[in-house]
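Lettering follows sequence order; numbering is per chain, from 1. What you see is a predicted model; the values in this text were computed from it and never measured.
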Amino acid sequence: DVKVTQSSRYLVKRTGEKVFLECVQDMDHENMFWYRQDPGLGLRLIYFSYDVKMKEKGDIPEGYSVSREKKERFSLILESASTNQTSMYLCASSRETGTINQYFGPGTRLTVL
Amino acid sequence: AQTVTQSQPEMSVQEAETVTLSCTYDTSESNYYLFWYKQPPSRQMILVIRQEAYKQQNATENRFSVNFQKAAKSFSLKISDSQLGDTAMYFCAFMKLPGYALNFGKGTSLLVTP
C-alpha cells in the first residue's frame, strides 16, 4: 500500500514563527502536492512538484514556499506564520504516468496564535 | 480554469436508504478525470470512485456508483444501502490530465442516521 506520512497531526505556533510541514511518501512517486483545507472552501492547491528541486505555484501560494531536495520528501514552509494560515494542510502524491490516483497523508491541523 | 460545484453543503440519510450527492463542473477540456473522495472524522482522504471522461459507462464500486453526464457536465454520486460508516465529508474533484493537481468542490457533509 502507498503510504504518505506527515510530520505532525496537530501543530500550534505563534505569529511570526517559521513553520515547516513535512511530507514523506514511500512509493517513489514523481508528483507531490500541498493542499489547504478550510470549512466551506474545500481543498485548495498551494504548491506542487513534478520532480526533485522542481516546484510550481498552485492557486494560493502567497505566504508559503516549498522545498523538494529528495524525491520522497516535500516540505511546506510558512516563512512568517500568520493567524490567517490557521488551517488543515494535506499532502498528496501520485505517479507521473500509469495510475492517476492521488494518495493523501493524514493531514496536519495547524493553529497560529 | 476548471471549477467544481457541489450545491449541497449538508445531507442526511437513514441507514439502508439511498442518497445521491450532486456535482457539476466547468471545463473546456474534452478528456479529463473525475473523482469522489470521502473524508471521515479521522480526516484521511479516501478515494471512493473515479471516472474517465472518455468512458461512456458509469463507474461502479460496490455500493457506490456515479451518474456521469458529460454534455451536462454533471457527475453525481449514488450511495446505496447507506451505512453508518458512510458518515463523512464527500468531495467531488476534477483532474485535467494524469499527474496534474486536483480541483475540488467545497464538499458535502453526509450524515447517516440509524
Separation between CG (Asn103(B)) and CG (Asp59(A)), nearest 0.5 Å, reads 6.5 Å
Residue pairs meeting disulfide bond (SG atoms under 2.5 Å apart), one or both in residues 25-56 of chain A, sequence neighbours left out, come to none
Exercise for review: Treating Ile, Leu, Val, Met, Phe, Trp and Tyr as nodes and any side-chain heavy-atom pair under 4.5 angstrom as an edge, say whether Phe68(B) and Val19(B) lie in one connected cluster.
Suggested key: yes
### Query
Going by heavy atoms in the side chains, are Asn31(A) and Tyr100(B) under 4.5 Å from each other?
no
Is there a chain of hydrophobic side chains (I, L, V, M, F, W, Y, each step under 4.5 Å between heavy atoms) that links Ile77(A) to Val66(A)? no
So, the part of Ser109(B) with a heavy atom under 4.5 Å from chain A: the answer is neither
Closest non-hydrogen atoms of Met95(B) and Ile100(A), given as atom of the first, atom of the second and distance, are CE-O, 3.4 Å
Whatever's closer than 4.5 Å to a heavy atom in chain B on Gln37(A) counts as side chain
- Query: Under the 6.0 Å and 45° cation-pi test, does Arg44(A) pair with Phe91(B)?
  - Reply: no
inquiry  = Tell me whether Gln102(A) contacts the main-chain N or O of Leu47(B) through its side chain, where contact means a donor paired with an acceptor under 3.5 Å.
reply    = no
Bottom line for Gln39(B): the part with an atom under 4.5 Å from chain A's heavy atoms is side chain
Any chain of hydrophobic side-chain contacts (each under 4.5 Å) joining Met89(B) to Leu110(B)? no
Okay, Leu45(A) and chain B: the region with an atom under 4.5 Å from a heavy atom over there is side chain
Would you kindly confirm whether Leu41(A) and Phe104(A) end up in one hydrophobic cluster when ILVMFWY residues are joined by side chain heavy atoms under 4.5 Å apart?
no
Answer yes or no: is there a donor N or O on one side and an acceptor on the other, between the side chain of Tyr35(A) and the main chain of Phe104(B), under 3.5 Å?
no
| said: I'd like to know if the side chain of Arg43(B) reaches the main chain of Arg9(A), judged simply by a donor and an acceptor atom lying under 3.5 Å from each other, with no hydrogens or angles considered. | reply: yes
Rounding to 0.5 Å, atoms CE (Met45(B)) and CG (Leu90(A)) come to a distance of 6.5 Å
Here the salt bridge (charged side-chain N to carboxylate O under 4.0 Å, His left out) pairs for residues 66-95 of chain B, sequence neighbours left out, are Asp26(B)-Lys73(B), Arg63(B)-Asp86(B)
Exercise. Has Asn31(B) got more than 12 heavy atoms of other residues, nucleotides or ligands less than 6.0 Å from its CG?
Worked result: yes
Cut-off 4.5 Å, heavy atoms of chain A, and the answer for Ile46(B) is neither
Are Val48(B) and Val66(B) joined in one hydrophobic group, where the rule is that I, L, V, M, F, W and Y side chains link up if heavy atoms are under 4.5 Å apart?
yes
